[in-house]
Amino acid sequence: MNIFSIYLEKIKEFIIDLEKHEQIKISDNLNNLAIELTPKDLQGDISCNAALILSKTNNKKPKDIAEFLKTHLIIKFSEFKNIFIAEPGFLNIEFKDDFWHKFLTDLLNLKEKYGSNSYKKNSYNVEFVSANPTGPLHVGHCRGSILGDVIANLLIFNGNAVTKEYYVNDLGKQIKKFTLSVYYRIIEILHNKEFPKNVDDLYPGENVADIAKKIIDKKLISEFNNFDKIYEKLREISIKESLELIKVNLNSLGIQHDHFVFESQLYKNNEIQDTVEKLKKKDLIYYGKIAAPKYKEEKNWKERKQLLFKSTLYGDDKDRPLQKNDTSWTYFAGDLAYHNNKIDRKFDILINVLGADHTGYIKRINAGVEALSNKKTKLSCKVSQLVKLIKDGKPFKMSKRKGDYITVEDLINEVGRDPVRFIMLSRSNDVELDFDFKKVTEKTKDNPVYYVQYCYARICSVFRNINKDLNEEINFDIKKFHINSYERQIIKKLSEWPKCISISSQRMEPHRIPVYLYELSSLFHSYWNLGKDDFSFRFISDNKPTSLTKLIILKCISYVIKSGMNLIGVNTPNKM
RNA sequence: GGUCCCGUAGUUAAAUGGAUAUAACGGAUCCCUCCUAAGGAUCAGAUGCAGGUUCGAUUCCUGCCGGGAUCACCA
């Protein structure tokens, strides 16, 4: 029920029809045809740029073409009440009230499903978070996590099959250091031997000590004399515990993954060898040297011959190593196997949500997926830029070594889930985001979260005061609804919701949703305040509704707010 | 140096190639006997620079100037 795409098609057909009757010439730029809301302060509901596009090929002034189109459009579409031509040649179409009556009726029937788009359904795999299981999630992980979650929600809302997935890097150097840290903590407890300080890359955090305690208390391992001997088991238990903690963190953000894939599992199933073999058969693997990085700080570069993947054939800047010097697989080799695993699971589209620090990784993994799937599986990587934390008016730098970092748990305790999600989503993910603790916790209109929630709460309060349930049907002959200019503006905004969803999901830009919800709320609050000066604009008098038409508007707003907030995972309290 | 992202009112942002560039904060002035003032109304204020494509550019392309991220046998 996207009136913009509907009329885009209708008017396109209409123009093509005119061409068939040789009344107009069309050119290949007909794809630029666009329908959008008429700007406020101008007459009309929706606007079309047809005349501007057709002007050149027909060698006529846009306004003349507009006049011509206007006369034909008015005849063809009975729902058009009037068409205004505006400089430089826009067609501003005004609908009859009947049209909006039907629109409102449809919206009331669809309820919170309104906005869902019905284009082709696909199966998606959305990989996000995938933080190393070496400690709790911190603020840095938040933005990408929420972004991934909402991209997935959008796809689900539009009727696609979606798997929310987490790739667990439970092998490699970092994990060894992490496991060793757990070991040192155990030794510390059992033998009173202090945890080594000032050793690089160990994990001194509380979470590690907690895991150590748990292992001892539950007697999960009996002997701790030799680290190497118990390494496998210790690693497995530590990762499992660590991942549990991460899941708790994610949960407090309102995020739940459907599926976890472990790097170690790929090793056990021989999937890395298989993947490399697959590439070898395609002649995409060779022994060779890669060029040194050119940046100035790199001084310790040593040239080596190693097993490389020809990612340059697929647009990467250089070929990428699959094996380390000791012949063990690189992280990239494992990730290729992981993506091959995804390809084998026959998703139509893969989505990876990455942090800004992984931008440089995109070309090579794209290359990998193209090569492994013969360009059949689409991979789309979405990057979320950094979050600048501001505390007490100053930038706050996190440092792992000092233990000076803010965890998700801290954040949620201090700020709360709703503001965190809303604010993290409210900017385009291509832009760095200022996250000011003070502003985010403020419970005023300056805080957009509460502004939108307040809109919903106010609507609930109206229905509470007339002892009606928000979902109760209103028996009313909608044809009697005489729409005033304020209501018309709101209805027009409501009509834009499916378009907002469509663009957000196609471009994977969820920030459009909070922005839209804020704008809709703003229209509502203005509408509400009209009742302060003029009683005829009030929704209730003497605990009875002043008019059923106003209730219908409120209901429609509430559905859109509710469904939008559901999508971004923010609550809509009935009362504030 | 290569790659990627960004440059819009004093500040923080918004704008699938559209019209008079949209908001919030901050500044100035108003509105609570009344459905929740966690709200509303009014005013002042902006597209880094130089080209190009286009009927039309904040948006696309090229160059420059600024800010951030990144470069590996780390994940």
Legend entry - Base G18(B) to side chain Asn49(A), donor-acceptor N/O within 3.5 Å cut-off: yes
Inset, instruction - May I ask you to verify if any side-chain N or O of Lys532(A) is less than 4.0 angstrom from the OP1 or OP2 atom of C34(B)? - result: no
Inset, instruction - Answer yes or no: does atom OH of Tyr486(A) have more than 12 heavy-atom neighbours from other residues, nucleotides or ligands under 6.0 Å? - result: no
Inset, instruction - Please indicate whether Asp469(A) has more than 12 foreign heavy atoms, meaning atoms of other residues, nucleotides or ligands, lying under 6.0 Å from its CG. - result: yes
Legend entry - Sub-6.0 Å ring centroid separation between Tyr516(A) and Tyr518(A): no
Inset, instruction - Without swapping roles, check the side chain of Lys70(A) against the backbone of Ile83(A) for a donor-acceptor pair under 3.5 Å. - result: yes
Inset, instruction - Compare side-chain N and O positions of Lys318(A) against OP1 and OP2 of A72(B) and report whether any pair is under 4.0 Å apart. - result: yes
Legend entry - Rounded interatomic separation in angstrom, taking CD1 from Ile503(A) and C1' from U16(B): 4 Å
Legend entry - Nucleotide nearest Arg320(A) (side chain, heavy atoms from C-beta), chosen from A72(B), A75(B), C34(B): A72(B)
Legend entry - Nearest-nucleotide pick for Lys56(A), side chain only, options being C55(B), A37(B), G18(B): C55(B)
Legend entry - G40(B) and C5(B), which share atom name P, separated by this distance in whole Å: 37 Å
Legend entry - For Arg538(A), salt bridge (charged side-chain N to carboxylate O under 4.0 Å, His left out) partners two or more places apart: none
Inset, instruction - Name all residues meeting the salt bridge (charged side-chain N to carboxylate O under 4.0 Å, His left out) criterion together with Glu94(A); count only those two or more places apart in sequence or in a different chain, and write none if there are none. - result: Lys81(A), Arg488(A)
Legend entry - Of all pairs that satisfy side chain to side chain donor-acceptor pair (under 3.5 Å), the ones with a partner from residues 418-435 of chain A, not counting sequence neighbours: Asp149(A)-Arg421(A), Asp418(A)-Gln453(A), Asp418(A)-Asn571(A)
Legend entry - Asn169(A) side-chain proximity, nearest of C34(B), A75(B), A37(B): A75(B)
Inset, instruction - Would you indicate which nucleotide in C35(B), G18(B), U20(B) comes nearest to any side-chain atom of Pro88(A)? - result: G18(B)
Legend entry - C32(B): syn or anti, per glycosidic angle within 90° of 0: syn
Legend entry - Sequence-aligned protein contact record of nucleotides 6-12 of chain B, with B where the base is within under 4.0 Å of a protein heavy atom and S where only the sugar-phosphate is: S-----S
Inset, instruction - Just jot down the salt bridge (charged side-chain N to carboxylate O under 4.0 Å, His left out) partners of Glu496(A), sequence neighbours excluded, or say none. - result: Lys493(A)
Legend entry - From C34(B), A19(B), C35(B), nucleotide with atom closest to Ser47(A) side chain: A19(B)
Legend entry - Results of side-chain contact (heavy atoms from CB on, under 4.5 Å) for Asn58(A) - residues two or more places apart only: Ile24(A), Lys25(A), Leu54(A), Ile65(A)
Inset, instruction - With the side chain of His511(A) defined as its heavy atoms from C-beta on, choose the nearest nucleotide among A15(B), C74(B), A19(B). - result: A15(B)
Inset, instruction - Look at the side chain of Ser426(A) against the base of A13(B) and say whether a donor-acceptor pair falls under 3.5 Å; ignore hydrogens and angles. - result: no
Inset, instruction - Could you check which of A75(B), C35(B), A14(B) has an atom nearest any side-chain atom of Tyr331(A)? - result: A75(B)
Inset, instruction - With sequence neighbours excluded, tell me which residues meet side-chain contact (heavy atoms from CB on, under 4.5 Å) with Leu354(A). - result: Asn352(A), His358(A), Ile362(A), Cys381(A)
Legend entry - Closest to the Arg458(A) side chain, choosing from A37(B), A69(B), A75(B): A37(B)
Legend entry - Residues that Lys60(A) engages under side chain to side chain donor-acceptor pair (under 3.5 Å), provided they are two or more places apart: none
Legend entry - Closest to side chain of Arg538(A), choosing from U3(B), C35(B), A14(B): C35(B)
Legend entry - Out of A14(B), C35(B), A19(B), whichever nucleotide has its closest atom nearest the side chain of Leu42(A): A19(B)
Legend entry - N or O in side chain of Lys382(A) less than 4.0 angstrom from C5(B) OP1/OP2: no
Under 3.5 Å between N/O atoms: give me all the protein pairs with nucleotides 41-49 of chain B, atom names plus distance.
residue, atom, partner, partner atom, Å
A41(B), OP1, Ser526(A), OG, 3.0

Inset, instruction - For A72(B), take OP1 and OP2 only and decide whether either is under 4.0 Å from a side-chain N or O of Lys173(A). - result: no
Inset, instruction - Residues of residues 355-364 of chain A with any non-hydrogen atom less than 4.0 angstrom from an atom of RNA chain B: list those, numerically ordered, please. - result: Ala356(A), Asp357(A), His358(A), Thr359(A), Tyr361(A), Lys363(A), Arg364(A)
Legend entry - ring pair (Phe, Tyr, Trp, His ring centres under 6.0 Å) partners of Tyr456(A), counting only residues at least two apart: none
Inset, instruction - Identify, with sequence neighbours excluded, every residue that meets salt bridge (charged side-chain N to carboxylate O under 4.0 Å, His left out) alongside Asp335(A). - result: none
Legend entry - Residue-phosphate contact under 4.0 Å: Tyr451(A) side-chain N/O, C25(B) OP1/OP2: no
Inset, instruction - Starting from the 5' end of RNA chain B, give me the residue, Cys48(A) or Ile35(A), whose nearest nucleotide shows up first. - result: Ile35(A)
